[in-house]
Student: 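Pasting a structure below so you can have a look.
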Amino acid sequence: MPTAAVLDRELSAGAKGGHLKHIFDVEREGDGEDSQRLVMNFGPQHPATHGTLRSIFTLEGETIVEADVEIGFLHTGFEKLAESMTYQQWVTVTDRMNYLSAINNNVGYAVAVEELLGIEVPPRCQALRVIMSELSRIADHVLCVGLQGMDLGAFSVMLWAFEKREMVYDIIEAVCGARLTTSWTRIGGIIRDVPEFFPDLVYQFLEEFPKLHREIHLMLSGNRIFKDRVQGVGVLTREQALSWGVTGPIGRASGLDIDVRRDRPYLGYDRYRFAVPVHSEGDCWARYLQRMAEIDQSLEIIRQAMATLPDGPVVHEDFKTSLPKKDAVHRDMESLIHHFKLVMLGHGIRPPKGAMIYSSTEAPCGELGFFIASDGTDVPLRTRIRPPSLYNYAIFPRLVEGGMISDAVAILSSFHVIAGELDR
Amino acid sequence: MGLESLFGGEGFLTTKINDLVNWARKSALWPMPFGTACCAIEMMATFSGRYDISRFGAEVVRFSPRQSDLLIVSGRISLKMMPVLQKIYRQMPEPKWVISMGACASCGGVFDTYTLIQGVDQFIPVDVYVPGCPPRPESLLDAVFEVQKIVQEERLDSGKHGR
Amino acid sequence: MAADPAPAIPAAPGDVAPPRHPARKALPSPLDLLVLGETVHAGQHAIFVRSPAQRPILEHLRRAQGFDFLKDVTAIDLLGRDEAERFQVIYIVHRLADGSTLRVHAWLPEEADSVPSVFDLWDSARWGERETHDMFGIVFAGNPDLRRFLMPEDYPAFPLLKDYPLTGRGERRQFPLVRPRGDEMVEEAPLPYPTSIGRGMHTPEYIEEVKRESKPKPG
């Protein structure tokens, strides 16, 4: 048994930085000899906290009477980095935000800068971006459902979810070259066109994926244990969702009908017919059903986009903003000069001084927004990321108060907060 | 650890027992996944069906430091997270090994910023580094093999893992 | 950067005044007088006010005009750029019913005490303002919870200010090296940085050696 001295040493060593101090030092109401309240630390290293999230619960028995969250354990300074990287260079940083669906971040940022510059990408590039974004969204949602199952004990669902994520990874690797951190988009287009066997990969995926979808439904949707754990738990009303800025599947599961793809279409989303599912109960069960329904809609969008995929260039033809093809750079003087001007520091993409834009896209977690302010040079003045996970997570302490710890786990996994995006 | 104290010198029997103990240790390395960011997702893929890590003995992935011997630091470690990492490292009982997975844990990666630790090996001892951003699951498996090689060549009376 | 003779942010494009956003047209005249200017870029409108005038305007937008969704609260630091003030605090508000969005930019001088909080209008402002405070040091008066957010509680600086260097001022090195020794864990001074990659490279001695070796040998 560790002696008091050893325990003291351990605790004081862990309290460096002061952020653990308020747990052990604070005087809480009812802190007497006969108080039944316990202050419990949940995270940031815990299997049920997805990423580095820390909650501090004040418990009375198993009921949470007070909850507090602490974030910032993955803060990397993306926004500060943007002030010393050019627009094109910062795409690599966007991958690392929502690392489960890196393509959506790349696309969101490219759309924002293209809006700032006032350029439009060719139709083939738009369709390809839509297809890859929806594939990435499916991968994210299926993983969320898998983790939701795992947290509540259904471990097999997570392994199946990972297996189908590997299928999506195969497609992403064939197109982008990397499985996870893709850096696929460029300002004005994408890196290169997709390989010839891309339609085969996608159609094979479209054939095999619905089988897994049905399997997960069979495993969880009729499962008495799962239903008892998630139905009626963590109810978020529509008014709360609107006031707290909750978007994405969580907002739509509470009846807040916002979808940037439908409301402010970008990349030609208005050409595809898809429904935006909305549930009204707002509990963890509704969020689970919401994500499953959205996977179906994403599959539908991919089918339509593949059927109508146009030919043509994948990069905006104005080489003042988009990189020319590499073999043209090696052969032809004009392409070489364009390439040089775009890549050398001090030249490159220079939006007008004083131009500012707030552009949002629909990421799997919600509305991902980029506010970019330019000062006329090739390095932005300010790049602000509006993270969907931040505003989604803000309401979490309110939802868990009054419930039990096991409900807190269920709520947290249904919220699917991604620490990379939350902390940036 | 009690085993090391039994060995006073070299001998046929002691080397055989040394090999046996090392073989037992390397064949059942229980990982402690300290996953923070993108590398954690690749680590989870390594633990999953396609790149199964449990074929190599690392089956028991329980997130308790008291019950593990291999700390896999995967993902970027920020200022706030470093004390947590050190606390988890202290809580692991000997013998223990550390894999620093990915560029961010090994050297700060793409992020040379005010809040990111430029390599966890400044503050905890690391046995194997895995390059990549994120490393493919095969690279992480290769790192586990390297740790297994390190374990196999250890001498029980070297004092590396305590008394 | 050379001094720009053209007017700084906000700059009205061309000679024609930009069309006004319908929400601004619907502002009653005492509030409209507080607006310094409006810009339009790529179809997005932004109105500029001087802090704390954004509070009554935001209140009007929320209560009278039905802008029920606050998308984001953030700030820009304009240190050393010859602008009106040092900071701009930016609110992006949205109305669900017809999808209209408006940005309100509030100029904030460096010596100002605080900015009025809008957490009572939109709950999403609670964390938006907390993060802006954590990154810039701007105090939002009235916000019930303005603790440090992404940075540790005792962090000595506000990172997104322009005079704070990207690599910080050494805060990321303030940890001991924890190593097992014998029966215990000991704490020692950390290993020199950089450790893994680049250790021993590009030291002055190494550079001298490279220069020596790359000179053509005699004979």
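In this text the structure is predicted, and so the values were computed from the model without any measurement. Chain letters run A, B, ... following the sequence lines, proteins first, then strands; residues in each count from 1.
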Student: Among C/His105, C/Arg148, C/Glu171, C/His94, which residue has the highest count of heavy-atom pairs closer than 4.5 Å to chain A?
Tutor: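 Most pairs with chain A among the choices: C/His105.
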Student: Could you report the tightest heavy-atom contact between A/Gly245 and C/Ser124, atom names first, then the distance?
Tutor: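 A/Gly245 and C/Ser124 have their closest heavy atoms at N-CB, 3.9 Å.
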Student: Looking only at the side chains, is there a donor atom on one of C/Thr74 and A/Arg382 sitting less than 3.5 Å from an acceptor on the other?
Tutor: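 Their side chains do contain a donor-acceptor pair, which is all the 3.5 Å distance test asks for.
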Student: Can a donor-acceptor pair be found, under 3.5 Å and without considering hydrogens, that links the side chain of A/Arg386 to the backbone of C/Lys71?
Tutor: yes
Student: Is there a side-chain contact between A/Met356 and C/Gln44 in this structure, where contact means two heavy atoms from C-beta onward sitting under 4.5 Å apart?
Tutor: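 Counting from C-beta outward, A/Met356 and C/Gln44 never come under 4.5 Å.
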Student: Specify which of A/Leu116, A/Leu117, A/Val246, A/Leu422 makes the most heavy-atom pairs with chain C at under 4.5 Å.
Tutor: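 So the answer, after comparing A/Leu116, A/Leu117, A/Val246, A/Leu422, is A/Leu116.
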Student: With a 4.5 angstrom heavy-atom cut-off, which part of C/Ile92 approaches chain A: side chain, backbone, both or neither?
Tutor: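 Contact with chain A: side chain only.
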Student: Just to be sure I understand the criterion: a residue of residues 388-396 of chain A counts if one of its heavy atoms is under 4.5 Å from a heavy atom of chain C. Which ones qualify?
Tutor: A/Leu390, A/Tyr391, A/Tyr393, A/Ala394
Student: With respect to chain C, which residue among A/Ala373, A/Gly77, A/Ser243, A/Ser360 yields the maximal number of heavy-atom pairs within a distance under 4.5 Å?
Tutor: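 Of the candidates given, the most pairs with chain C belong to A/Ser243.
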Student: Sub-3.5 Å donor-acceptor pair from the side chain of A/Lys80 to the main-chain atoms of C/Leu161, do we have one?
Tutor: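 A pair under 3.5 Å: yes.
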Student: Among C/Phe69, C/Trp122, C/Tyr164, which has the most heavy-atom pairs under 4.5 Å with chain A?
Tutor: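 The option with the most such pairs is C/Phe69.
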Student: In plain terms, say whether C/Arg147 and A/Glu70 are close enough for a salt bridge, that is, a side-chain N and a carboxylate O under 4.0 Å apart.
Tutor: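 Here C/Arg147 does not pair with A/Glu70 in a salt bridge, since their nearest N and O are not under 4.0 Å apart.
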Student: Non-hydrogen contacts under 4.5 angstrom with chain C: give the residues of residues 235-242 of chain A involved, or none if there are none.
Tutor: A/Arg238, A/Leu242
Student: State whether the number of non-hydrogen atoms from other residues, nucleotides or ligands found under 6.0 Å of A/Glu120 atom CD is greater than 12.
Tutor: no
